Amino acid sequence: MPEFSTRPIGNTSIAVTELGLGCAAMAGNHRPVEDVDIAGAIDEALENKVGYVDTAPFYGFGRSEHFVGNGLRHRDDYVLSTKAGRLLAPGFPTDSSAGEWPGSFPFHQIYDYSYEGVMRSYEDSLQRLGVSRIDILLLHDIGAMQHGEEANRALFNDAMTGGYRALDELRRAGDIKAIGLGVNEQEVCLQAMEHGHWDAFLLAGRYTLLEQAPLDKLFPACAEAETSIILGGPFNSGILVGGETWNYAKAPADVVEKVRRINEICQSHGVPLPAAALQFPLGATQVASVIPGPRSRSDMRQILDWFQLDIPASLWSDLQNAQLLAENAPLPG
């Protein structure tokens, strides 16, 4: 089994493995996943020395945290992050989110980014996980992309005042070691940096083989503030691993065409597209970990193979020369 390299989270005392485990998809995000497959994916990752695990109350409405806790409970060699901003209440959801999590636990979400809401979320997560510590706590899904411009104003204000105060209090007390956001858009990260000090942003899908916009503003700002990036969604919700979805919806024609061209160059080097997608983000020193989301033990084994594949430097330069990667994108190796 390989020993994965680690990278620090900000200027905290913790470091995470460069390959982490994202636990959203395994909770049944849009596709049913059997309990045995969830447990298998987690076990395969941990047995192969993947030392960083990310989950959230929202994933399967408690299902992900439940199984993550089962996997971690009798171990100590891990870094664990979960999220706050949604409380879970009894009863299946009655809105569209009901269909997003087949096999979910019988709860529904209530957004609450207040001081009291974040503190309660933290305590609830410890109970659901059944573990004695959470290392990184992230405010989940703040931003206009999630809530719309109007609704987000009040929620963002709650998050940057009461929510941030709760996180900072837990950090100062040593209950958690790092705080941040877990979001799908870079703009809210830049806005949040005006309201406090964040150790990490878990950014899903915004710095990938397909898109590198954060290089212009977010990454320089994070470097100055000593804030790390945890890269979720390295496959852009499926399009970079042979699927048809990008940003959680059917990929538009221009995205499909760009992926086709990237894949053509990968094939010319004998490199599977998903392997390049997994390894590319770590060319940026600001990225601490890449956390794909397997749905089974076999998925996790495939991810391990892709991550450990030797990729020639010429692949990255060919992509850059074809203007398929940003000119200023730092390359792996």
Side-chain angles (χ1 to χ4, degrees), residues 2-10 15-20 22 50 52 184 186 189-190 200-242 246-247 251 254-293 302-333:
E3 288 289 340
F4 291 105
S5 297
T6 61
R7 297 188 182 187
I9 293 294
V16 294
T17 50
E18 291 180 341
L19 178 64
V50 174
Y52 170 49
N184 293 281
Q186 63 161 332
C189 297
L190 288 164
F201 295 136
L202 198 168
L203 187 62
R206 298 286 74 82
Y207 185 70
T208 67
L209 196 62
L210 189 57
E211 49 187 287
Q212 299 95 46
L215 287 170
D216 296 333
K217 292 182 180 179
L218 181 60
F219 280 21
C222 286
E224 184 175 348
E226 295 186 286
T227 301
S228 294
I229 298 291
I230 300 163
L231 200 287
F235 301 132
N236 276 115
S237 74
I239 192 70
L240 292 176
V241 70
W246 169 77
N247 229 17
D254 61 327
V255 169
V256 172
E257 173 59 17
K258 185 174 182 180
V259 171
R260 185 196 66 77
R261 294 179 62 204
I262 292 172
N263 188 43
E264 192 173 72
I265 290 176
C266 287
Q267 287 183 339
S268 74
H269 289 271
V271 173
L273 175 62
L278 273 177
Q279 296 188 36
F280 165 73
L282 289 163
T285 56
Q286 208 60 45
V287 175
S289 185
V290 174
I291 56 167
Q302 180 65 83
I303 285 168
L304 289 163
D305 287 345
W306 284 331
F307 191 79
Q308 295 168 68
L309 184 72
D310 286 332
I311 295 180
S314 55
L315 169 62
W316 310 119
S317 58
D318 283 355
L319 287 170
Q320 231 165 18
N321 291 337
Q323 298 184 323
L324 292 169
L325 288 178
E327 187 179 357
N328 61 334
L331 305 178

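Position 1 is the first residue of the sequence, and the numbers go up from there. Since the model is a prediction, treat every value here as computed from it, not as a measurement.
- For residues 302-325, the set of pairs meeting the salt bridge (Lys or Arg N to Asp or Glu O under 4.0 Å) definition, not counting sequence neighbours, is empty.
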Just distance, no hydrogens or angles: give the donor-acceptor pairs under 3.5 Å from side chains in residues 276-292, sequence neighbours left out.
residue, atom, partner, partner atom, Å
Gln279, NE2, Trp306, O, 3.0
Gln279, NE2, Phe307, O, 3.2
Gln279, NE2, Leu309, O, 2.8
Gln286, NE2, Thr227, O, 2.5
Ser289, OG, Thr17, O, 2.8
Ser289, OG, Glu18, O, 3.4
Ser289, OG, Gly20, N, 3.4

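- Contact between Val255 and Leu210 at its shortest, heavy atoms only, is CG1-CD2, 3.7 Å.
- Atom CD1 of residue Ile239 and atom CG of residue Leu209 lie 12.0 Å apart, to the nearest 0.5 angstrom.
- Partners of Ala15 according to the side chain to side chain contact (heavy atoms under 4.5 Å, CB included) rule, which considers only residues two or more places apart in sequence or in another chain, are Thr6.
- Distance check, rounded to the nearest 0.5 Å: CD of Gln320 to CD1 of Ile265 gives 11.0 Å.
- Here the straight-line distance linking atom SG of Cys266 with atom CZ of Arg261 works out to 12.5 Å at 0.5 Å rounding.
- Residues that satisfy the side chain to side chain contact (heavy atoms under 4.5 Å, CB included) test with Ser314, not counting sequence neighbours, are His269, Pro312, Ser317.
- Sorted by first and then second residue, the salt bridge (Lys or Arg N to Asp or Glu O under 4.0 Å) pairs involving residues 271-282 (not counting sequence neighbours) form an empty list.
- Atom OG of residue Ser268 and atom CG of residue Asn263 lie 10.0 Å apart, to the nearest 0.5 angstrom.
- Under the 4.5 Å side-chain criterion, counting only non-hydrogen atoms from C-beta, Pro234 is not in contact with Leu240.
- Of all heavy-atom pairs spanning Leu218 and Cys189, the tightest one is CD1-CB, 3.8 Å.
- Identified under the salt bridge (Lys or Arg N to Asp or Glu O under 4.0 Å) test for residues 208-224, with sequence neighbours left out: Arg206-Glu211.
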Legend entry - Ile229/Leu202 under side-chain contact (heavy atoms from CB on, under 4.5 Å): CA gap, chis, key distance, verdict: CA-CA 6 Å; Ile229 298 291; Leu202 198 168; over 6 Å; no

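- The minimum heavy-atom distance linking Ala221 with Leu190 is given by the pair CB-CD2, 4.1 Å.
- The side-chain hydrogen bond (donor to acceptor under 3.5 Å, both in side chains) search around Glu257 returns Arg260, not counting sequence neighbours.
- Asn247 contributes atom CG, which lies 6.0 Å from atom OG of Ser237 (distance to the nearest 0.5 angstrom).
- Listed by first and then second residue, the ring pair (Phe, Tyr, Trp, His ring centres under 6.0 Å) pairs involving residues 211-232 are Tyr207-Phe219 (not counting sequence neighbours).
- Atom CG of Leu203 is separated from atom CD1 of Ile230 by 10.5 Å, given to the nearest 0.5 angstrom.
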Could you pull out all donor-acceptor pairs under 3.5 Å where a side-chain atom in residues 322-333 meets a protein atom, sequence neighbours excluded?
none

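- Considering only residues two or more places apart in sequence or on other chains, Thr208 meets the side-chain hydrogen bond (donor to acceptor under 3.5 Å, both in side chains) condition with Asn236.
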Legend entry - Stepwise side-chain contact (heavy atoms from CB on, under 4.5 Å) test for Ile262 and Leu273: CA-CA 8 Å; Ile262 292 172; Leu273 175 62; 3.6 Å; yes

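- Looking only at distances, a side-chain donor or acceptor of Gln308 sits under 3.5 Å from a matching main-chain atom of Leu304.
- Counting heavy atoms from C-beta outward, Trp316 and Ile311 have side chains that approach closer than 4.5 Å.
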